[in-house]
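Working notes for the structure below.
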Amino acid sequence: MTKPALRAALYARYSSDMQRPASIEDQFRLCRERADREGYQIVGTYEDRAVSGKTLLRPGMQNLIADARSRRFDVIIVEGLDRLSRNLADTAAVFRDLNFAGVSIVTLSEGAVDELDIGLRGTMNHLFIKDLAAKTHRGLRGRVERGKSGGGNAFGYRVLREIGEDGEIRRGEREIDEDEAPVVRRIFESYLSGQSPNKIADMLNAEGTIGPRGGAWDKSAIHGNPKRGTGILNNELYIGRLIWNRQTFVTDPQTGRRQARPNPESEWVIREVPELRIISEALWQQVKDRQDGRKIKHTMVEAWERRKPRFLLTGLMKCGNCGGGFSTVGTDRFGCSNARNKGKSYCDNTVTVTRQDMDGRILNALSNRLVDPDLTRVFVEEYIAERNRLASTCVDDGAGKQRELNKIMRDQDKLVTALLNGMTAGPLNVRLEQLEARKALLEAELAEIARRKKSSPTLLHPGIAKTYHQRVTALVAALSEPEHEGEAKELLRGLIDRITVTPIPGPGKRRLPRIDLQGSLIHILELAVVGERELGKQKASCERRLINL
C-alpha cells in the first residue's frame, strides 16, 4: 500500500544586499516545483525578508525551528544551505535541531542534506562571508584613498550618484548640503557661546529642525564621543579632513547585534578634502578647547568589558507623556530620557523619582495591590468554566474524527475486496492513496487530542491571591540575601509588564509623578499557581529555595 506523502515546509530568505523582495517568491516557486516532483504535501511556508544570514535571530527561522520541534512537518525544502545560514556554527546547529526533531533538509542544488554536506557547504558559505567582507573593505579603502566616501553619510552633506561615460553608477561622491550646513555651523557656534548639547538639541527641536536620522535631535548626536570621532562636534569632515577605519564592527554571536571596537590609530586612513569644509579651523579648535576645559572624559574600558549595575526596575519604566524610556538621570534617580536628551520641546516630563522611592512603591504594589482577592475569585471561576468548555469541545471533535477514521478503514477494506475480485486497479489505487493520506492525518490529530487529554491542566484555586502574596513577600525578603538576590530580582521583574510614570499637578506649581504598574498575567499565574510543575524544574527549584528562607 502506498505510503502517505511526506509533509513539507518551505523556507526562503533574502538579505538587503544585492537582492530584492521578489526573491522570496522566486525561491518559493522553485521549492514548490521540487515538492511537486517529490510528491510532498506542502503544509507551511516560512520567510525572512531583508535579514542577514549571519544570525539565527530571525522571526521566520525561529518559527521554523519551533514548529519542527512540534513535528508539524517531515522535511524542509530550501533553495540552498546559505538561505538557512551563512555561519558554519549556526548551520550545524540548525541541522542538529532539525535532525533531533526527525526533520530532514532538502536543497534544490544538493538534494537531501547530510553531515558531509553541512561540513563542506557550511564551511564554503562561512568563507564566502569572510572573503566578501575583506573585498568590501578593500574596495571602500580604495574610495577613501581617492578622497571619496567610505560608506554612510554625515549630516551636512548630500550623497551624489552619477552615471559615468561607461554607463556605470559612480558612487562615493558627496557635496555640501546648503540647507544642513548652516545648522552645523550654528551648533558649533552655540556650543562655543556656552550652551550645552542638551540646550542645543532642545532649541533645534523647538524650531522643528530635522535631525540626522530624520527625527528629533538628541544631545548624543551633538556631543558624541571625541575618542571615536562621533557626534557633530567631533566629526573632522567638517574641517575638510576625512578619517576612515577608526573602528571595526563585530557581531555578537548571542544577540546578533553589531558592536563597535576602535582600531589603533596606525590603521586609520586620513585624507584632506578641503572642498567639503563647512566650518573654519579656528572655530573647530575653539570648540575643542572648550571640550578640554570641561574635562570631558571617556573611559578606555570598552562597552563589552563594562558591567553597569542593574537595578531592580531597569528597562521596565516608560514615560507616560512620550512613551520613551524612564532611566537613570542622576545618582539614584530616574527620569524621562527624551526630556533629558531631546529637551522640553520634545517631552516636558521633567519629574524624577529616586530609586529607593520607585523600588518601594513598586514592591508594595506587587505585594498588596496587583492581585485583588475578589477579582481573582471571579477570574478563577471564568477560567474553570472556559477549561470545561474547551474540554467538551475537544471530546466532541475527537469523537467525530474517530467516526470518520472508522469509516475510512471500512472503505479501505471494501476497495481491497474489490481488487481481489478482479476490478480494474488504476482508479481503485488512486482512491486507496487518498484514503490512506486522510487516515494518516486523522490518526495524527487524534494522537494530539489524546495527548492534550492526558496532560494535566494548570490548577487554579480561588485562594491563589493569598499564595501569590506569600510568595512575593518571600521574594522581597530574599532581595536582602546576597546568595538569593539575583534570582529573586529576576522573578520579581518577570511579574512586571510595564511601569508608566506620568506627571500630575502637585501643590503650588510643583508636579508629582503618578506611577502605574501593569502586571504580566502569565508570570503572576506561574508564581501563584497551586503545584509548581508549570514553572519548570529549574525555576521551581529556585522559588522553593527563596520561599523557604
Side-chain angles (χ1 to χ4, degrees), residues 136-164 168-197 200-201 203-204 207 209-214 217-249 260-294 296 298:
T136 301
H137 189 272
R138 184 184 67 209
L140 291 177
R141 174 160 188 161
R143 286 191 196 173
V144 176
E145 294 284 1
R146 299 190 298 274
K148 300 180 183 298
S149 169
N153 192 33
F155 184 83
Y157 300 96
R158 183 186 299 111
V159 176
L160 301 177
R161 286 186 173 84
E162 300 177 347
I163 304 296
E168 295 292 328
I169 298 178
R170 292 180 179 175
R171 294 181 172 86
E173 301 284 356
R174 54 186 164 188
E175 65 180 6
I176 295 175
D177 188 319
E178 297 302 336
D179 293 327
E180 294 180 351
V183 179
V184 174
R185 298 187 188 100
R186 188 179 178 194
I187 290 173
F188 276 83
E189 292 166 354
S190 298
Y191 182 78
L192 187 59
S193 69
Q195 294 190 51
S196 68
I200 297 173
M203 173 187 68
L204 295 175
E207 296 172 354
T209 304
I210 303 300
R213 298 182 180 275
W217 281 88
D218 188 289
K219 70 173 185 179
S220 62
I222 296 173
H223 69 64
N225 186 325
K227 290 286 185 181
R228 300 193 177 192
T230 60
I232 298 291
L233 296 177
N234 306 303
N235 190 347
E236 295 190 42
L237 188 60
Y238 296 133
I239 56 172
R241 183 177 299 122
L242 174 61
I243 302 180
W244 182 76
N245 204 38
R246 278 180 178 266
Q247 55 193 13
T248 298
F249 288 92
R261 296 183 179 178
N263 293 327
E265 193 168 344
S266 59
E267 296 181 8
W268 295 3
V269 178
I270 304 175
R271 292 292 178 270
E272 298 297 328
V273 283
E275 69 277 9
L276 296 180
R277 178 189 294 272
I278 291 180
I279 64 172
S280 67
E281 187 76 36
L283 178 57
W284 171 270
Q285 192 57 52
Q286 289 174 313
V287 166
K288 293 291 107 178
D289 291 342
R290 180 170 185 247
Q291 285 180 322
D292 293 338
R294 291 173 60 85
I296 298 178
H298 295 268

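The figures here come from the full heavy-atom set of this structure, side chains too, leaving out hydrogens, waters and symmetry mates.
For W268 (side chain) and W244 (main-chain N/O), no donor-acceptor pair under 3.5 Å exists by modelled atom type. No donor-acceptor pair under 3.5 Å is formed between the side chain of R241 and the backbone N or O of I270. A distance-only check finds no donor-acceptor pair linking the side chain of T230 to the backbone of G224 [under 3.5 Å].
The line from CD1 of I222 to OG of S190 is 8.5 Å long, rounded to the nearest 0.5 Å. Annotation: the span from Q195 atom CD to L192 atom CG amounts to 11.0 Å, rounded to 0.5 Å. Expressed to the nearest 0.5 Å, how far CG of D179 lies from OG1 of T209 amounts to 11.0 Å. Atom CG of L242 is separated from atom CD of E272 by 9.5 Å, given to the nearest 0.5 angstrom.
Looking only at side-chain heavy atoms (C-beta outward), N234 and N225 stay at 4.5 Å or farther from each other. Using a 4.5 Å heavy-atom threshold, the side chains of V183 and I232 count as separate. Inter-residue side-chain proximity for Y191 and H223 is flagged as unmet; no heavy-atom pair is nearer than 4.5 Å. Using a 4.5 Å heavy-atom threshold, the side chains of W217 and M203 count as separate.
Here the closest non-hydrogen pair linking I187 and I200 is O-CD1, 3.8 Å. For I239 against E281, the heavy-atom pair with the smallest separation is CD1-OE1, 3.9 Å. Contact record, G156 with V184: CA-CG2, 4.3 Å, taken as the closest heavy-atom pair. Nearest heavy-atom pair across R174 and L276 is O-CD2, 3.7 Å. Minimum heavy-atom separation, A181 to I278: O-CG2, 3.9 Å. Nearest heavy atom pair, residue E267 against residue N245, reads O-ND2, 3.0 Å.
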Problem set entry | Stepwise side-chain contact (heavy atoms from CB on, under 4.5 Å) check, F188 with Q286 | CA-CA 9 Å; F188 276 83; Q286 289 174 313; over 6 Å; no
Exercise. Side chain to side chain donor-acceptor pair (under 3.5 Å) between K288 and Q285: does it pass, once the steps are laid out?
Worked result: CA-CA 5 Å; K288 293 291 107 178; Q285 192 57 52; over 6 Å; no
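The aromatic rings of Y238 and Y157 lie parallel to each other, with less than 30° between the two planes, well short of the 60° mark.
Partner of R158 under the side-chain hydrogen bond (donor to acceptor under 3.5 Å, both in side chains) criterion, chosen from E175, E178, E180: E175.
Residues satisfying the salt bridge (charged side-chain N to carboxylate O under 4.0 Å, His left out) criterion with R186, sequence neighbours excluded, are E207.
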